[in-house]
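Reading through the structure tokens given below for one structure.
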Amino acid sequence: MDKFRMMFQFLQSNQESFMNGIWGIMALASAQMYSAFEFTCPCMPEYNYTYGIGLLIIPSVWFFLIGFVLSNKVSVLTEEWKRPTGERSKDPAILRYMFCSITQRSLIAPAVWVSVTLMDGKSFICAFSMTLDIDKFGNYSLLTGMSEMEKLRLLARIPCKDLFENQEVRVAASRYIKCISQACGWMFLLMMTLSAFLIRAIRPCFTQAAFLKTKYWSHYIDIERKMFDDTCKEHAKSFAKVCIHQYFENISGEMRSMHNRSSKDGSDDDDEDNKTSDEDRLLGIRAQDDMNKVLWNWHTSKPALALRKEQMEGEDNGKWNREDNGEANGFAKGHTHDVEKREWAVYYSKV
């Protein structure tokens, strides 16, 4: 159990690296899924193009959405976008930074899927086999005497080895389309790499202070939400503990009093200390309506990002004022004037 707790704490402290590992695993899973996927082209003019392009696009969109689902910053982004303004203004630059950060990582797995699919070329062969000119491959008599519909049906069978009779033409046409598909795959990889390089290289050319500001406050929003959740969990735990403790005190007061008589004083002191610590963790909120009001106020009107030192400054000012007043009245750091004493005389009669 301790090992799992240590692992969980490590993942919490290194959440950024953990999420990067998750997206890397997703990228490898997309490549492994394609290799395990059995590609079956319908070899029909009505469905070849839809199936081939759909195999290229639909899994990419699915991996992209999975990246958003696995990112814990999506809920933070949505809450920050939809929350009421209240006392804290919303900065669109922070929202854009968070959205771009999530999008960049979510694009890793779709990019791997598209690259692997284009390098393999099967989807391209299925989608674009009907656009070929068979005359380029040397067999001029293959399509003679055929209508346009029959030509399309024949070309749609090129991806299917068992349905196309002339294997030489089929192999030549498949290699031709596969070559174009691989060229598109290399161009796609070059574009993605060049885009990533330009983003990394051009970013310092813009205002670095604005970038640091948005990065800082985006991290602050994420950390604030985590700490608020942890504080709510601690409060709920203490609230439940105190509530259950009071319930058993009310129900079984006599048994508890008998048990306390027979117990030792040290255990009583420990119970009092635990009870005091639980009471302190309640932070003065001891009713359901009060807690609901606190949560509602946190949602509707978050406090402004301006920390104040009113209490500390008030204590310091009071201290200095007391010293100044004391010196002005003749007091000096521990020394005071002698106060005039009153004498009382008491007379007793012998009556």
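Predicted model, so just to flag it, every value in this text is computed and none were measured.
A salt bridge between Asp229 and Lys233 is absent, with no side-chain N of the basic residue lying under 4.0 Å from a carboxylate O of the acidic one. Looking at Lys82 and Glu79, no side-chain N of the basic residue comes within less than 4.0 Å of a carboxylate O on the acidic one, giving no salt bridge.
Contact detail for Pro45 and Met130: the closest heavy-atom pair is CA-SD, 3.3 Å. Of all heavy-atom pairs spanning Ser123 and Thr117, the tightest one is OG-CG2, 3.3 Å. Across all non-hydrogen atoms, the minimal contact from Ile177 to Phe128 is CD1-O, 3.8 Å.
In this pair, Phe228 and Trp298 present their aromatic rings parallel. The plane angle is below 30°, not in the 30 to 60° band. Ring geometry for Tyr220 against Tyr216 counts as parallel: the plane angle stays under 30°, on a 0 to 90° scale with 60° as the upper cut.
With contacts defined as side-chain heavy-atom distances shorter than 4.5 Å, the pair Lys178/Gln182 qualifies. Proximity of Glu224 to Lys302: side-chain heavy atoms (C-beta onward) are separated by under 4.5 Å at one or more points. Using a 4.5 Å heavy-atom threshold, the side chains of Met291 and His235 count as touching. Trp186 has its side chain out of reach of Leu190: every pair of non-hydrogen atoms, C-beta onward, lies at least 4.5 Å apart. Within the 4.5 Å cutoff, the side chain of Met119 has heavy atoms near those of the Leu189 side chain. Within the 4.5 Å cutoff, the side chain of Trp113 has no heavy atoms near those of the Trp62 side chain.
Between Cys126 and Cys41, the sulfur-to-sulfur (SG-SG) separation falls under 2.5 Å.
Between the side chains of Thr214 and Arg96, no donor-acceptor pair is found at a separation under 3.5 Å.
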